[in-house]
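Just below is one structure, and these are the notes that go with it.
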Amino acid sequence: MLKAIFYVGIGGGVGSIVRFLISHFMQRVFPGVFPWGTLFVNIMGCLLIGVLLGFAEKQGVLYSSLRHLLIVGFCGGFTTFSTFASENFQLFESGHPFTAILYIAISVALGLVAFWGGLYVIK
């Protein structure tokens with residue numbers, strides 16, 4: 001159990017740092033109300049999880065340590081649906097309900113498509 005916690009912690013820490021850097025970069029490149037960085041990270045995280053799980057299923061080689069490190073840890077730290085919820089709340093609170101609804105719809109639709117695409121590419 002301690003080994004699993006270690007791998008999840010390392011992966012989660014790295015995933016969180018990568019998420020922060022990408023979100024910061026995207027906000028600088030695309031300033032404004034719409035949270036492009038979080039949208040991008042969530043879609044890429046869904047794609048990555050799809051690819052990793054598809055690879056594991058096809059090859060049967062994603063060992064528990066690697067699964068803890070990459071899927072639970074890295075992807076869990078990298079994707080940001082808690083940030084997603086907070087940003088939507090802030091958009092509604094600041095009088096941007098259309099932007100919030102658009103953000104929710106795009107995130108869910110593209111996340112599902114990216115996840116499916118990751119599985120499909122590997123299979």
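Because only heavy atoms are used, hydrogens play no part in the values below, and waters and symmetry mates are left out as well, while side chains stay in. Numbers here are sequence positions counted from 1.
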Go through the steps for Leu112 and Cys46 under the test side-chain contact (heavy atoms from CB on, under 4.5 Å), then give the verdict. CA-CA 7 Å; Leu112 291 170; Cys46 290; over 6 Å; no
Which heavy atom of Phe74 sits nearest a heavy atom of Leu70, and at what distance? CB-O, 3.3 Å
Does some side-chain heavy atom of Ser23 sit less than 4.5 Å from a side-chain heavy atom of Val41? yes
So, for Ala100 and Asn88, which heavy atoms are closest and what is the spacing to 0.1 Å? O-OD1, 3.1 Å
With a 4.5 Å limit on heavy-atom distance, are the side chains of Leu53 and Phe115 in contact? yes
Rounded to the nearest 0.5 Å, how far does CZ of Phe81 lie from OG of Ser86? 14.0 Å
ILVMFWY cluster, Val33 and Leu102 together (side-chain gap under 4.5 Å): yes
Can you find a pair of side-chain heavy atoms, one from Leu66 and one from Tyr7, that are under 4.5 Å apart? no
Do you know which two heavy atoms are closest between Lys3 and Ser65, and how far apart they sit? CE-OG, 3.4 Å
Run the side-chain contact (heavy atoms from CB on, under 4.5 Å) test on Phe78 and Ser16 for me, step by step, so that the C-alpha distance in whole Å, both residues' side-chain angles and the decisive distance to 0.1 Å come before the verdict. CA-CA 5 Å; Phe78 183 66; Ser16 295; over 6 Å; no
Distance check, rounded to the nearest 0.5 Å: Met1 atom CE versus Ile5 atom CD1? 4.5 Å
Linked, directly or transitively: Val18 and Trp36 (ILVMFWY side chains, under 4.5 Å): yes
Spacing of Arg67 atom CZ and Cys75 atom SG [to the nearest 0.5 Å]: 10.5 Å
Using modelled atom types and a 3.5 Å cut-off, is there a donor and acceptor pairing between side-chain atoms of Lys58 and backbone atoms of Ile122? yes
Approximate separation, where rounding is to 0.5 Å, of Ile43 CD1 and Leu110 CG: 4.5 Å
Tell me whether His96 contacts the main-chain N or O of Phe92 through its side chain, where contact means a donor paired with an acceptor under 3.5 Å. no
Kindly give the heavy-atom pair with the smallest separation between Leu39 and Ser107, and that separation in Å. CD1-OG, 3.3 Å
Just so I know, are the side chains of Phe6 and Leu2 near enough to count as touching, which here means a heavy-atom distance under 4.5 Å? no
Around atom CZ of Phe25, are there more than 12 heavy atoms from other residues, nucleotides or ligands closer than 6.0 Å? no
Taking the side chain from Thr38 and the backbone from Pro35, do they hold a donor-acceptor pair closer than 3.5 Å? no
Report yes or no: do Val14 and Leu48 belong to one cluster of Ile/Leu/Val/Met/Phe/Trp/Tyr joined by side chain heavy-atom distances under 4.5 Å? yes
With a 4.5 Å cut-off on side-chain heavy-atom distances among I, L, V, M, F, W and Y, is there a chain of contacts connecting Leu69 to Val72? no
Closest non-hydrogen atoms of Arg28 and Pro31, given as atom of the first, atom of the second and distance, are O-CD, 3.7 Å
For residues Leu47 and Phe40: do they belong to one hydrophobic cluster (side chain heavy atoms under 4.5 Å, members Ile, Leu, Val, Met, Phe, Trp, Tyr)? yes
dist Thr83:OG1 -> Gln90:CD (nearest 0.5 Å) comes out at 9.5 Å
Tyr120: ring-ring contact (aromatic ring centres under 6.0 Å, His included) partners, not counting sequence neighbours: Trp116
